[in-house]
Structure formats: C-alpha cells, structure tokens
Amino acid sequence: MVCPACFKKIKQVRQPYCFKCGKPLLNERQEYCYDCERRAHIFDRGFSLVEYDAVTSPSIMAIKYKNKREFVEFYSRLSKILYQDILSSQRFDAIIPVPVSRKKRRIRGYNQARIFADGISGWLHVPVKENLLLRKKDTAPLKKLTPEDRRKELLECFSWEKKHYEGERSVLLVDDIYTSGATADACALILKKHGIKKVFLLTIAIGRGI
C-alpha cells in the first residue's frame with residue numbers, strides 16, 4: 001500500500017526499544033527509556049509501529065484531520081507484521097480504542113483510534129469494545145502543560161460505563177500517537193480501578209527515547 005521508495009524511509013520500531021513504553025532506544029544495554037526510568041506508568045506494557053517523524057507525521061495528521069481513513073489500513077497491516085506473535089500470546093478479552101469527545105467525533109465524523117482498533121481486531125480476532133471508556137470533555141492544549149498538570153487534566157476527562165462491562169480482565173488499549181503516556185495512564189487507571197487486571201497499549205507512532 002506504500003511505494004517501495006517511501007516504505008524504506010519509514011522507521012519501524014525495532015529492538016532495542018523500551019521494555020515499558022516501547023520507545024526506540026539508542027543503546028542496546030538499556031532496558032527502559034529515560035522517561036520510564038523516572039516515572040512509573042499504570043499501563044503494563046506498550047508497543048508502537050513507527051517512529052513519529054517528518055516521514056510519518058503527515059499521514060497520521062491526514063488520518064486525524066483530513067479524513068484519510070484509508071491510511072489506517074496500512075498501519076493495521078504493519079501491526080500484524082510487527083506484533084502478531086507478541087499480542088496473540090496475551091489472550092486479550094477486548095480491544096479498547098482511546099475515546100475522543102463527542103464534539104471532536106461530531107466534527108471529524110469518526111474516531112481514528114476506533115478505525116485502528118477495528119483493523120487490529122480483524123487479525124487478532126479479539127472484539128472491539130468502544131463503550132467501556134467515554135471521554136467526558138476535551139482537554140486544554142496539552143503541549144502548554146507540565147507533565148504533572150497534563151496527567152491531572154487527563155484524569156478528569158474519562159469515565160467508566162459499567163453497563164457495558166462483561167468481566168473483561170485483559171485488554172489492549174489502542175491510540176494513534178504516544179508522547180508522554182499520560183493519556184494511556186489515565187485510561188489504564190480507570191480500567192484497572194473497575195476490575196481489569198492487565199492493560200497493554202498499541203499505538204501507531206511514538207517518539208524516540210534516550
């Protein structure tokens with residue numbers, strides 16, 4: 001789905017990567033990136049497909065803001081190539097897309113994380129459950145906040161929908177981009193608070209660790 005010349009420019013996430021969040025590392029002797037060494041995350045483990053850079057960011061922004069939903073199919077196929085063995089071995093009960101607010105969904109017409117989750121569900125053979133987590137409100141611009149303020153802001157954004165819970169114990173949370181992990185942690189905190197024991201994370205793109 002991508003021409004060979006462009007495909008070669010994509011930096012797929014390969015070992016060594018952080019054992020916690022999945023950021024590519026510069027040193028094979030490292031187990032964790034700098035961020036995960038100094039901050040405990042609530043999700044159990046994270047993986048990403050590609051590095052977020054000048055090559056991949058245009059396609060991801062086009063998915064989010066230009067209705068290029070067909071680009072998600074490429075990333076869904078790549079997720080199978082990179083992580084089928086690892087994720088299949090976890091025996092997840094559900095795939096949960098990180099929710100967007102009603103306002104954003106009304107403007108865009110879709111949740112890009114849900115489309116990515118559907119693609120993964122097709123090869124992982126695990127159902128998508130979109131209604132366990134809801135987003136109550138949009139956040140302030142997170143780039144302008146400190147990491148601690150960002151986490152506090154996000155913790156107030158998500159809510160649990162008990163009526164849709166069917167005893168799931170292990171889930172795969174999916175999103176488009178991993179930055180600080182604050183969004184994933186906020187979602188994982190709510191999920192674990194209500195009975196889910198294991199929360200793995202899969203995102204399309206991630207920054208490089210140090």
Side-chain angles (χ1 to χ4, degrees), residues 13 17-23 33 35-36 39-50 52 60 63-64 72 75-76 78-80 82-84 86-101 104-105 110-136 138-139 142 150-151 153-162 164-207:
V13 175
Y17 52 75
C18 178
F19 190 76
K20 187 68 175 181
C21 74
K23 283 184 180 179
C33 67
D35 177 62
C36 291
R39 180 182 294 116
H41 288 292
I42 299 169
F43 63 87
D44 293 279
R45 193 170 181 189
F47 302 94
S48 285
L49 310 182
V50 298
Y52 187 71
I60 296 170
I63 292 168
K64 294 181 72 165
V72 181
Y75 289 116
S76 298
L78 186 59
S79 69
K80 181 179 181 181
L82 295 179
Y83 295 119
Q84 182 176 23
I86 293 174
L87 297 181
S88 295
S89 69
Q90 297 301 317
R91 301 184 181 277
F92 296 114
D93 298 312
I95 300 171
I96 299 179
V98 171
V100 296
S101 67
K104 283 187 177 179
R105 183 145 195 168
Y110 58 93
N111 174 6
Q112 68 278 3
R114 171 61 198 261
I115 299 171
F116 185 40
D118 286 339
I120 298 166
S121 176
W123 60 261
L124 192 58
H125 307 297
V126 174
V128 176
K129 295 203 71 170
E130 190 174 22
N131 296 324
L132 273 178
L133 274 179
L134 294 181
R135 191 161 194 147
K136 297 183 291 184
D138 284 326
T139 59
L142 296 179
R150 187 181 299 142
R151 290 171 187 276
E153 177 80 13
L154 284 164
L155 284 174
E156 299 175 358
C157 289
F158 300 102
S159 64
W160 171 260
E161 291 294 300
K162 183 179 179 180
H164 297 293
Y165 181 57
E166 298 177 311
E168 291 84 1
R169 308 292 279 179
S170 175
V171 301
L172 178 65
L173 185 69
V174 301
D175 205 1
D176 50 6
I177 304 171
Y178 181 100
T179 50
S180 68
T183 299
D185 281 334
C187 292
L189 181 64
I190 294 176
L191 293 171
K192 290 190 173 186
K193 182 180 179 180
H194 291 90
I196 292 173
K197 299 298 183 183
K198 182 172 67 176
V199 179
F200 273 46
L201 173 69
L202 180 65
T203 58
I204 293 174
I206 194 168

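- Aromatic ring pairs are classed by plane angle as parallel below 30°, tilted from 30° to 60° and perpendicular above 60°; the pair Trp160 and His194 is parallel.
- Applying the ring-ring contact (aromatic ring centres under 6.0 Å, His included) test to pairs two or more places apart or on separate chains, none has a residue in residues 166-192.
- Side chains of Leu172 and Ile120 form a contact here, defined as non-hydrogen atoms less than 4.5 Å apart.
- The two residues Ser180 and His41 have their closest heavy-atom pair at O-CE1, 3.4 Å.
- With salt bridges taken as basic N to acidic carboxylate O contacts below 4.0 Å, none links Lys192 and Asp185.
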Quiz prompt | Stepwise side-chain contact (heavy atoms from CB on, under 4.5 Å) test for Ile206 and Leu49 | solution = CA-CA 8 Å; Ile206 194 168; Leu49 310 182; over 6 Å; no
Exercise. Test side-chain contact (heavy atoms from CB on, under 4.5 Å) on Asp176 and Lys64 and set out the steps.
Key: CA-CA 9 Å; Asp176 50 6; Lys64 294 181 72 165; 3.0 Å; yes
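- Scanning both residues, Ala117 and Ile95, for their nearest heavy atoms gives CB-CG2, 3.8 Å.
- Counting heavy atoms from C-beta on, the side chains of Glu130 and Pro99 never come closer than 4.5 Å.
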Exercise. For Ile196 and Tyr165, run side-chain contact (heavy atoms from CB on, under 4.5 Å): C-alpha distance rounded to whole Å, both residues' side-chain angles, the deciding distance at 0.1 Å, then the answer.
Key: CA-CA 10 Å; Ile196 292 173; Tyr165 181 57; 4.1 Å; yes
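- Separation of atoms NZ (Lys23) and SG (Cys33) is listed at 5.0 Å; rounding is to 0.5 Å.
- Using modelled atom types, one finds a donor on one side chain and an acceptor on the other under 3.5 Å when comparing Ser79 with Trp123.
- Aromatic pair Phe92/Phe200: ring centres closer than 6.0 Å.
- For Lys20, there are no salt bridge (charged side-chain N to carboxylate O under 4.0 Å, His left out) partners at least two apart in sequence or on another chain.
- A cation-pi arrangement is absent between Arg105 and Tyr110, since the terminal nitrogen or guanidinium carbon is not both under 6.0 Å from the aromatic centre and inside a 45° cone about the axis.
- The minimum heavy-atom distance between Ala94 and Lys129, with the atom names listed, is CB-CG, 3.9 Å.
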Self-check item: Val98/Phe116 under side-chain contact (heavy atoms from CB on, under 4.5 Å): CA gap, chis, key distance, verdict
Solution: CA-CA 10 Å; Val98 171; Phe116 185 40; over 6 Å; no
